[in-house]
Structure formats: C-alpha cells, structure tokens
Amino acid sequence: MALASGVRFAERALLRPWALLRGTTLGRTEPAAGGGGDGARRFGSQRVLVEPDAASGVAVMKLRNPPVNALSLELLTELVISLEKLENDKTFRGVILTSDCPRVFCAGLDLTEICGRNPAHCAEYWKAMQELWLRTYLSSLVLVAAINGACPAGGCIIALSCDCRVLADNPKYRIGLNETLLGIIAPFWLKDTYVNTIGHRASEQALQLGSLFPPAEALQVGLVDQVVPEDQVQSTALSEMARWLAVPDHARQLTKNMMRKATADRLLRQRDADTQNFVSFVCRDSIQKSLQAYLEKLRQRKG
Ligand SMILES: CC/C=C\C/C=C\C/C=C\CC/C=C/CC(=O)SCCNC(=O)CCNC(=O)[C@H](O)C(C)(C)COP(=O)(O)OP(=O)(O)OC[C@H]1O[C@@H](n2cnc3c(N)ncnc32)[C@H](O)[C@@H]1OP(=O)(O)O
C-alpha cells in the first residue's frame with residue numbers, strides 16, 4: 001500500500017487505545033435491520049454503532065451516547081477503536097460520521113469528566129481526546145461528517161477533523177468553538193484546526209467571541225461544505241463520499257497527509273506538555289467554579 005511514510009509514522013506514534021477500554025462491549029456483531037449478508041452486518045459498541053456496507057466500502061458510524069453525545073472517556077475510547085477497526089479492514093475506504101441522538105450531533109467534552117475530578121483522571125481524559133483528534137485528523141479513510149444536530153466545541157472539532165461536512169438546515173443546529181463562553185480556552189491544536197478550515201481572521205474573531213454559527217453563517221464562513229434540508233443529510237453525505245472516493249486512494253491520502261501532517265506533528269511533539277497544561281488549567285479553583293456554574297446552568301435550562 002503506497003501510504004505516505006509520514007502517515008505510517010504518525011499512526012505508529014499514536015497511543016494504543018485498548019488500555020483505555022473500560023466496561024465497553026466492542027466487537028459485538030449483529031445483523032442490521034432487514035440485512036442479510038456480511039456487507040449488511042453491523043458492529044460496534046455500546047456508544048458507537050457501525051453500519052458497514054462492504055459492497056460500497058463505506059461504513060456509517062453513529063454516535064449514541066444519549067442524551068447529547070457528550071464525549072465521555074468511554075465514548076472517546078470506543079470511537080478510536082471503531083475507527084481503527086475500519087482502517088485495518090481494507091474493505092473500507094470511507095466513513096460517514098453522524099449522530100444517533102435526536103437534535104444533537106455532539107455536545108463536546110463531557111464536562112462531568114473534568115468537573116470535580118482528580119488531576120490523574122483529567123490527564124487520562126485529555127489524552128483520550130488528543131488521541132481521537134489525531135486518529136480522525138490523520139485517518140487514511142475519507143471521513144464525511146453528516147451533522148444532524150447541534151455541534152458545539154469538541155463536537156465541532158470532530159466534524160472539522162473530517163474531510164467534508166454536511167449540515168442539516170435547522171437554526172438550532174449551531175456549530176463552532178464556544179470555549180471562551182465557558183471561561184476556558186481552546187488548546188493550540190483546536191485553534192490550528194479552526195484556522196486551517198476558516199482562515200486566521202475569521203478564527204481570531206470566532207474563537208474570542210465563542211461564536212456558534214447557525215447553518216447559513218457556517219456555510220458562509222466555510223465551517224461546513226453543504227447545508228441541506230434535514231431529511232437529505234445522509235443522502236448528501238453519501239453523494240459527497242462518492243465524489244471523494246472517485247479519487248485514487250494513494251494520491252488522496254498522500255495529499256491529505258501533506259496538508260495535515262505539520263498540524264498533527266505539532267501536537268505529537270508536545271503531547272505531554274499539552275496534557276500538563278490542560279490539567280493544571282482545568283484543575284484551578286477558578287476554572288472549576290466556572291465549569292460547575294456552566295453545568296448547573298445547562299441542567300436548569302430545559303428545552
Ligand atoms: C493558559 C491556558 C493553558 C492551557 C490551556 C490548555 C488546555 C485548554 C483547556 C481547556 C480546553 C477544553 C476544551 C473544551 C472543548 C469542549 O468541548 S467544552 C464543552 C462545550 N460544550 C457545550 O458548551 C455544549 C453544552 N450543551 C449544550 O449547549 C446543549 O446541551 C446542546 C445544544 C448540546 C443540546 O441541547 P438540548 O437538546 O436542549 O439538551 P440539554 O441542554 O437539555 O442537555 C441535556 C442533558 O445533557 C447535559 N449536557 C449537555 N451538554 C453537556 C456536556 N458538554 N457535558 C456534560 N453534560 C452535558 C445537560 O446538563 C443535561 O443534563 P440533565 O438531563 O439536566 O442532567
């Protein structure tokens with residue numbers, strides 16, 4: 001396989017995720033509804049449902065961590081493992097990432113993983129977050145995000161790590177990095193991903209203001225590639241996938257690597273320092289107070 005040596009290097013450098021796996025049920029395989037042959041069998045875990053279609057080489061990966069697909073340690077781990085499984089199976093060339101939870105694609109970091117937790121837990125959690133970003137950002141597969149719900153913060157980062165984004169046209173489905181509104185700061189690699197997607201000036205404004213863009217604005221600023229009626233998100237994602245898969249894999253993969261490697265390498269070079277920064281930052285009393293207050297506000301706000 002003519003994969004770039006840089007891709008291989010980066011993949012080797014990534015953490016093995018198995019050690020993180022706790023209480024998950026990965027590897028379960030069951031027939032898809034109405035399905036028969038191998039190509040219609042689905043697999044996955046408690047929080048990630050994978051519907052593979054061997055004939056087309058495309059799998060649909062659905063996040064299902066209700067109510068809002070908050071990125072718990074378990075969800076992060078299961079996502080990494082499911083992606084790795086598809087990458088290692090040469091039948092698959094593309095993955096459509098979407099949500100199984102109504103109205104929310106992904107609510108970002110699970111704030112309960114970093115509120116009132118000890119530094120060791122926060123460090124373990126942040127390493128898992130770094131791992132998911134590295135895996136998705138450098139994936140050799142074509143990743144299309146079918147964004148069928150709200151997509152703030154860490155949810156936006158997952159979407160931005162994909163190659164292409166299709167967003168449902170619903171004003172409630174806003175997308176962006178709103179960290180500053182929680183009193184926290186996007187780490188440099190989230191910022192880099194943003195800048196790589198929408199450019200420096202737009203990122204400078206959006207990051208400081210914590211902007212969450214409704215669909216039309218998200219399209220205008222370049223955060224998403226298409227905005228379509230809600231019932232056309234999956235079919236549009238499939239059409240986009242076909243467009244990307246029409247390109248020979250090796251040429252596309254080498255080009256993706258050329259575009260993304262420097263950004264990923266920046267984190268790979270300073271992963272430990274980034275983890276320490278994160279832990280010392282979020283464990284500050286003042287930050288813990290802000291996060292607690294934000295969580296409380298979320299719990300009280302209904303509808
Ligand atoms: C000097 C500095 C040096 C170094 C810096 C180093 C590192 C940087 C530091 C930190 C970086 C951290 C990066 C963070 C990225 C993130 O992802 S932060 C998370 C941000 N997420 C959000 O703000 C989303 C919040 N949620 C919502 O806006 C809504 O829930 C949403 C629009 C997604 C859905 O709305 P709705 O359908 O109405 O649902 P509810 O709001 O009613 O929520 C249902 C229940 O879910 C709980 N919940 C929601 N979001 C989260 C979450 N992110 N984590 C945990 N729990 C969440 C909510 O409380 C409800 O719970 P309840 O049913 O009431 O118990």
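Every number for a ligand or one of its atoms is a count from 1 in the order of the listing. The chain is numbered in sequence order, starting from 1.
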Problem - Selected option - heavy-atom contact closest to atom 25 (C) of ligand 1, from Tyr294, Tyr173, Trp126 - result: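 That would be Tyr294.
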Practice task
Would you mind finding which of Ala153, Gly108, Gly210 brings a heavy atom closest to atom 20 (C) of ligand 1?
Solution key: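 The residue whose heavy atom sits nearest atom 20 (C) of ligand 1 is Ala153.
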Exercise for the section: Could you tell me if any non-hydrogen atom of Glu179 lies under 4.0 Å from any atom of ligand 1? Expected result: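 Distance cut 4.0 Å: Glu179 passes for ligand 1.
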Handout entry: Close approach of Arg301 to ligand 1, heavy atoms, under 4.0 angstrom
Key =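 So Arg301 counts as touching ligand 1.
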Side chain, backbone, both or neither: which part of [X] has a heavy atom under 4.0 Å from ligand 1?
| X | result |
| --- | --- |
| Ala107 | both |
| Val68 | side chain |
| Asp274 | neither |
| Asp110 | both |

Practice task
Look at the rings of Trp126 and Trp189 and say which category their plane angle falls in: under 30° parallel, 30 to 60° tilted, over 60° perpendicular.
Solution key: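 If you compare the ring of Trp126 with that of Trp189, the planes turn out tilted.
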Exercise for the section: Identify, by atom number and element, the atoms of ligand 1 in contact range of Ile184, meaning under 4.0 Å from any of its heavy atoms. Expected result: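 Matching atoms, with element in brackets: 12 (C), 14 (C).
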I want to know if ligand 1 touches [X] in the polar sense, i.e. an N/O pair below 3.5 angstrom.
| X | answer |
| --- | --- |
| Pro187 | no |
| Gly154 | yes |
| Arg284 | no |

Problem - Check ion pair Glu74-Arg47 (N to O, under 4.0 angstrom) - result: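 A salt bridge is absent here (no side-chain N lies under 4.0 Å from a carboxylate O).
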Exercise for the section: Quick one: which residue pairs count as a side chain to side chain donor-acceptor pair (under 3.5 Å) with a foot in residues 172-185, not counting sequence neighbours? Expected result: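 The answer is Tyr173-Glu230.
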Practice task
Could you name each residue pair satisfying side chain to side chain donor-acceptor pair (under 3.5 Å) that touches residues 216-227, not counting sequence neighbours?
Solution key: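 Non-adjacent pairs meeting side chain to side chain donor-acceptor pair (under 3.5 Å): Gln226-Glu240.
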